[in-house]
Each structure stands twice: as structure tokens, then as C-alpha cells.
Amino acid sequence: MNAPIRYAEALLTGMLGTFGLDIEYVRAEKNTLYYLDEDGAEVPVLDLIGGWGSLMLGHNHPEIVSYAKELLDTGWPTHSQHSSHPVADQVGAALNQIIGRELPGAEPYTITFANSGAEGIETAVKHCEFDRVLRLKTLFEEIEWNADVALKAVLGGSAALPDDTSLLPGEVPAPTTIEEFGALLGAVAEHNIARAGTSPVFFALERAFHGKLVGSLQFTFNPIFRAAFASLGPAVNFVPPNDAEAFESAVAAHRVTVLDVQVVDGKVTLVERDLPVIAGLIVEPIQGEGGIHALTAEFAARIRQICDTVQCPIVVDEIQSGMGRTGKFLASSHIGLLGDYFVLGKSLGGGIAKSSVILIRQSRYRPEFELVHSSTFAKDGFSTAIARRTIEILEADDGAAYDRAAERGERILGMLRELAAEFPDVVVDVRGKGLLIGVEFADQSQASSPVIREKARAGLLVFQLGSYLELAHHIRTGPTASVPTMLRIEPSIHISDQEIEQMRTGLTEVCRILRHQDALPLVYP
Ligand code: PMP
């Protein structure tokens with residue numbers, strides 16, 4: 001019989017096939033995916049990819065599955081747009097309670113729903129720009145008002161004409177008549193209008209990953225993903241993580257001012273005002289796809305200060321690091337990073353639904369946004385109810401799930417550190433927090449084994465190792481999106497001691513293979 005034609009991602013599936021990874025899984029529970037062998041018997045595979053981070057509670061968590069069934073069986077409305085959604089408010093209330101607990105002093109956040117992580121980022125970015133444009137509008141209204149006040153004051157004789165015009169570019173003489181003052185106001189308006197259209201300036205961090213849609217992609221650092229589409233979105237300024245001075249200088253370099261005409265001590269005076277050009281900074285508290293790198297508490301405090309002085313909102317992308325994965329609900333809580341926005345996704349859907357949320361600090365929130373932004377599926381009844389239940393499960397028993405993520409994570413990290421100590425020639429680093437972990441292997445592009453060397457040069461070594469782990473040890477793993485030498489480990493909180501030992505056995509073999517440059521098991525697992 002001919003093989004069926006593939007219509008969906010045939011190239012990618014074909015590539016996976018060359019590594020023996022084009023496996024069809026037919027059942028899933030906790031950290032296990034099952035496929036069928038030739039005799040139709042189920043073969044369990046330990047899943048360390050965990051839906052690339054969407055499975056904090058594992059595959060098909062029984063409580064979420066039975067709640068989903070209940071919602072469907074009872075005819076719970078999934079699509080009832082433009083109506084009251086108390087469940088969405090309950091999700092907002094629960095998340096606010098958590099933020100208040102983990103980041104004491106935080107003001108309330110409004111909640112906006114989206115469908116995926118990338119969409120959540122784009123919604124946040126869109127709101128940042130909306131807020132900036134409205135701030136711009138307010139500034140120009142104030143400037144117009146002040147010019148009017150100044151003109152009336154001069155005409156009424158309560159203010160003297162300005163005698164210093166040096167803030168205007170070019171040699172503009174100080175006005176001596178009301179006509180000349182009118183011309184000066186015209187020159188100021190022209191100067192301001194020329195600057196009003198300055199494009200917004202967004203900042204993100206080097207190594208960042210914020211999604212792959214045309215907008216969110218601009219904030220994703222890796223040029224492999226971004227370069228071809230760079231003209232489709234805003235030019236983002238990437239600054240090095242944990243280098244507050246670099247960020248401060250970049251912010252200063254983008255400062256743009258306009259001129260205001262104010263009456264000061266009875267004299268019309270030209271005053272510089274900052275144009276709201278800086279639109280936002282986006283950060284992951286622990287970079288996931290960029291190779292598991294944490295921001296420091298010092299950097300978090302400094303960017304908060306710098307952003308406050310220029311009114312730049314901080315968007316904290318907790319899509320991968322949030323939902324308890326690092327041992328607290330928000331990874332930001334470890335470093336006291338108070339975002340103006342928090343974006344959550346992935347595990348928010350309990351491993352079943354697709355949902356993301358954007359939490360926006362109320363003092364920055366623009367309610368008019370609700371009139372210009374929507375999506376058919378966002379805030380749908382099913383996903384929103386599942387999100388509420390997922391948060392309830394995480395919060396149950398005083399947040400036992402977070403403690404478990406921390407404890408399991410330490411156990412895995414401990415095992416991996418032992419491995420790194422045994423194979424320092426092979427394992428460069430083991431890092432992470434809670435269940436967001438990466439193992440970085442030494443560069444093998446000069447390896448003596450041709451198989452290992454060629455795969456490393458093609459950036460595919462981790463796929464080859466993953467293939468071996470899958471076929472020989474029934475362990476499913478993969479790289480992070482931007483670090484081809486890193487194996488990512490993001491299991492659910494259900495990971496057992498036995499599964500950690502299974503991981504140890506598989507990874508020990510991988511280290512032996514690399515140490516001895518013995519590629520045979522890679523080719524014939
Ligand atoms: N932000 C971060 C930090 C992510 O890790 C990801 C996905 N890996 C995204 C955004 C994009 O999320 P999604 O794939 O749901 O669009």
C-alpha cells in the first residue's frame with residue numbers, strides 16, 4: 001500500500017521521520033505519551049517536552065477532563081460574545097489575588113483574553129501603542145491650550161513676550177510685536193508637528209522569544225525566525241539582558257522633545273516637553289526558548305526605575321515561565337519584577353483549552369481599547385472556565401502544586417548536576433528553576449566522529465540525541481527554539497522519582513556516546 005499523502009507540515013514531518021521521530025501518539029496521561037507498536041500494543045514514552053511548556057498539570061489531568069466533559073454535557077455556552085462573562089471576571093479576580101500575594105503592593109490589573117501566547121503579546125503591544133498615542137494626544141492638547149493661554153495673556157497685558165527662543169532650532173529672533181509672537185507660535189507648532197510622527201520605540205532583550213506571528217516575531221531575537229519578516233512590523237531595539245546601563249543609554253538615545261509655550265513668572269517661556277516615544281519594554285523573567293537564562297533582581301529593580309522615569313510600560317512575558325512552573329505562580333516573583341503588563345498562556349488552558357490573558361495595571365489601562373480590539377474566540381466560555389479550574393487546581397492546598405514544581409525541579413537539577421560533574425567534558429551547563437530546565441552540551445562541531453560532527457554543524461545534534469533517547473530509552477525531548485546545543489526539560493509536576501531515574505539512565509548513555517564519540521547507537525539505536 002502507498003504511504004498516505006501528507007497535507008499538514010509534510011516537510012517538517014518528513015524531517016522528523018529522518019530521525020525516527022514522526023511518531024503518532026494515540027493516548028496521553030500525566031508525563032506519558034503512548035504509541036502503538038506493530039502488534040497494536042501501547043508503548044509508553046516519557047514526555048519531557050510537556051507540550052513545549054503547556055502541561056504543568058500533565059496530559060489529560062483527570063479533574064480538568066471531567067470538568068470539560070461536564071461543561072459540554074450541560075450545554076455550557078462556548079460562544080456567547082457580547083454578553084456578561086462572570087467566569088472571565090473570576091479568572092481576573094483569582095489572578096489579581098495571586099499577583100497581590102506574590103508581589104505585595106501591586107495595584108489591580110484588568111484582564112483581557114486572547115487565544116495564544118503570540119496573540120497575547122501582540123495584544124499587549126497593541127495596547128502599549130494605544131496608550132502611547134493617547135498620551136501623545138493629551139500632550140498636544142495641553143500644548144495647544146497653553147499656547148492659547150499665553151496668547152491671551154500677552155494680548156491682555158498680563159504676560160511679557162518671550163525673550164529666549166534658543167530652544168527652537170535655527171536663529172529665531174525673540175518677538176517684539178504681537179505679529180512676530182504669532183509667527184513664533186506658528187514656528188513652534190511646525191517644529192512639534194514634524195516630531196509628532198516619530199515612530200514608537202520598543203525594547204526587547206537579546207535572546208528573547210515572544211512568538212512567531214508578524215507582530216510578536218519582531219520581538220523574537222533569533223534572526224532565523226525574524227529576518228525575512230522584519231519589514232512587516234515595528235523595528236524593535238534589542239538590548240543585552242541584565243545590563244541596565246545599556247538599556248538606560250538606549251532609552252536616552254531615543255529621547256525626543258517638543259516645545260510648550262507657558263507663562264512663567266509673568267513671561268511667556270519656551271519649555272521642552274518629552275514626547276512619548278518610548279512605547280514599551282518586553283521581558284521574560286526567565287528566558288525559555290533563548291536558553292533558560294534568568295534576569296537578576298538587580299536588573300529588575302533598575303529597569304523598573306528607568307521605565308518609571310520615562311513612563312515606559314514593562315510587559316512581562318510569563319507565557320512559558322508562569323503558571324507555577326518555576327515554583328511560584330509568576331517567575332517575576334523570584335526577582336520582585338512588577339510588570340505594567342503580565343501575559344500568561346500555555347498551561348493556562350490546563351493542557352486542553354487554548355487561551356492566553358493580558359493583565360494590565362489599572363492605572364495604565366485604557367478602557368476604550370475594548371472598543372477597538374476583539375477576537376471571535378477570545379474569552380470563549382469553554383476555555384475561560386477551564387482556565388478558572390486550572391488556576392483553582394494550582395492554588396489548592398496552599399499552592400501545593402508550586403511547592404511540588406520547586407521540589408521536583410530541584411531533584412531533577414540535582415540529578416543533572418551529578419551528571420555534569422561526571423561528564424564535564426560533555427555537559428557545559430545545567431540551569432533552570434523549578435520545572436524550566438536546560439542541559440547545555442559542549443559544542444561538537446569539531447568532534448572526531450563524523451556523524452556527531454556533521455549533525456552538530458547542521459545544528460541538529462540535539463535532534464539526533466533526541467532520536468536516540470526516544471528510540472532507545474523511550475524519552476521524548478527536544479531543543480529550545482534558539483539554542484541547538486540545549487536539551488530542554490519541562491515535565492509536569494507529576495514527574496516521579498522513577499521517571500527521573502529513567503532520565504538519568506538515558507542521559508548518562510548520551511554523555512557516554514559523546515565522550516567516546518561512539519555514534520553507532522545514534523545510528524542504530
Ligand atoms: N512567549 C514565550 C516566552 C514563549 O515561550 C512562547 C512559546 N514558546 C510564546 C511567547 C508564544 O506562544 P504561542 O506559541 O502560544 O504563540
Side-chain angles (χ1 to χ4, degrees), residues 107 127-203 234-235 237 244-281 302-314 340 361-366 368:
E107 66 177 84
H127 188 280
C128 286
E129 177 59 357
F130 192 58
D131 174 43
R132 188 189 75 87
V133 167
L134 291 179
R135 281 188 281 139
L136 201 72
K137 179 169 169 279
T138 305
L139 175 67
F140 277 100
E141 282 167 359
E142 275 172 28
I143 289 176
E144 207 180 313
W145 177 269
N146 289 345
D148 200 41
V149 167
L151 186 61
K152 284 186 180 134
V154 170
L155 287 172
S158 64
L161 288 170
D163 54 12
D164 179 3
T165 57
S166 57
L167 287 176
L168 254 184
E171 297 280 302
V172 181
T176 53
T177 64
I178 195 75
E179 286 75 24
E180 282 175 13
F181 181 50
L184 177 76
L185 289 180
V188 166
E190 219 174 286
H191 169 80
N192 288 349
I193 288 165
R195 293 173 166 216
T198 309
S199 298
V201 174
F202 282 98
F203 293 99
N237 297 273
E245 271 69 54
F247 175 56
E248 196 167 22
S249 317
V251 166
H254 284 94
R255 185 172 178 226
V256 176
T257 57
V258 286
L259 291 176
D260 196 5
V261 179
Q262 297 175 5
V263 178
V264 182
D265 297 334
K267 187 191 287 174
V268 175
T269 311
L270 296 191
V271 176
E272 265 189 329
R273 305 271 308 263
D274 275 311
L275 191 75
V277 171
I278 311 289
L281 163 69
R302 287 286 294 124
I303 56 171
R304 186 66 273 173
Q305 278 170 351
I306 297 165
C307 286
D308 283 347
T309 56
V310 292
Q311 284 197 59
C312 167
I314 302 181
D340 299 286
R361 220 172 108 183
Q362 255 169 23
S363 57
R364 292 212 79 126
Y365 183 62
R366 300 287 189 167
E368 309 91 309

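Values below: all heavy atoms of this structure, side chains included; hydrogens, waters and symmetry mates excluded. Note that the coordinates shown come from a computational prediction; the quantities given were computed from them, not determined experimentally.
Looking at heavy atoms from C-beta onward, D131 lies in side-chain contact with R135 at the 4.5 angstrom threshold. Proximity of D164 to L270: side-chain heavy atoms (C-beta onward) are nowhere separated by under 4.5 Å. For the pair I178 and V154, the minimum side-chain heavy-atom distance is below 4.5 Å. Counting only heavy atoms from C-beta outward, the side chains of R302 and E245 approach each other to under 4.5 Å. The shortest side-chain heavy-atom distance between D274 and Q311 does not fall under the 4.5 Å cut-off. Looking only at side-chain heavy atoms (C-beta outward), L151 and V261 stay at 4.5 Å or farther from each other. Side-chain contact between T309 and Q305 is absent, with no heavy-atom pair separated by less than 4.5 Å. Residues L281 and C307 meet the side-chain proximity criterion, which asks for heavy atoms closer than 4.5 Å.
For the atom pair D260 CG and L167 CG, the distance stands at 11.0 Å (nearest 0.5 Å). Rounding to the nearest 0.5 Å gives a distance of 12.0 Å between SG of C128 and CD1 of I278. In this structure, CG in L168 is found 8.5 Å from CG in N192, a value given to the nearest 0.5 Å. F203 CZ to I306 CD1: the interatomic distance, rounded to the nearest 0.5 Å, is 10.0 Å. Considering CH2 of W145 and OG1 of T138, their distance stands at 14.5 Å, rounded to 0.5 Å. The distance from the OG1 atom of T165 to the CG atom of L184 is 6.5 Å, given to the nearest 0.5 Å.
For P162 against A174, the heavy-atom pair with the smallest separation is O-CB, 3.7 Å. The two residues P175 and F181 come nearest to each other via the heavy atoms CB-N, 3.5 Å. Residues V277 and R132 come closest through the heavy atom pair O-CD, 3.6 Å. Of all the heavy atoms in R364 and C312, the pair that sits closest is NH1-C, 4.1 Å. Closest non-hydrogen pair, V263 versus A153, comes out as CG2-CB, 4.2 Å.
Ring orientation note: the planes of Y365 and H127 are close to parallel, at an angle under 30° on the 30°/60° scale.
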*asked:* Test side-chain contact (heavy atoms from CB on, under 4.5 Å) on V268 and L161; report intermediate values, then the result.
replied: CA-CA 6 Å; V268 175; L161 288 170; 5.9 Å; no

_I'd like to know whether D340 forms a side-chain contact (heavy atoms from CB on, under 4.5 Å) with E107, so could you lay out the CA-CA distance, the side-chain angles of the two residues, the decisive distance to 0.1 Å, and finally the verdict._
CA-CA 10 Å; D340 299 286; E107 66 177 84; over 6 Å; no

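The local environment of CD in E144 is sparse, with at most 12 non-hydrogen atoms from other residues, nucleotides or ligands closer than 6.0 Å. Other residues, nucleotides and ligands contribute over 12 non-hydrogen atoms within 6.0 Å of the CD atom of E141. Within a 6.0 Å radius of CD in E368, more than 12 heavy atoms belonging to other residues, nucleotides or ligands are found.
Between the side chain of T257 and the backbone N or O of E272, no donor-acceptor pair lies under 3.5 Å. Here the side chain of E180 pairs a donor or acceptor atom with the backbone of T176 at under 3.5 angstrom.
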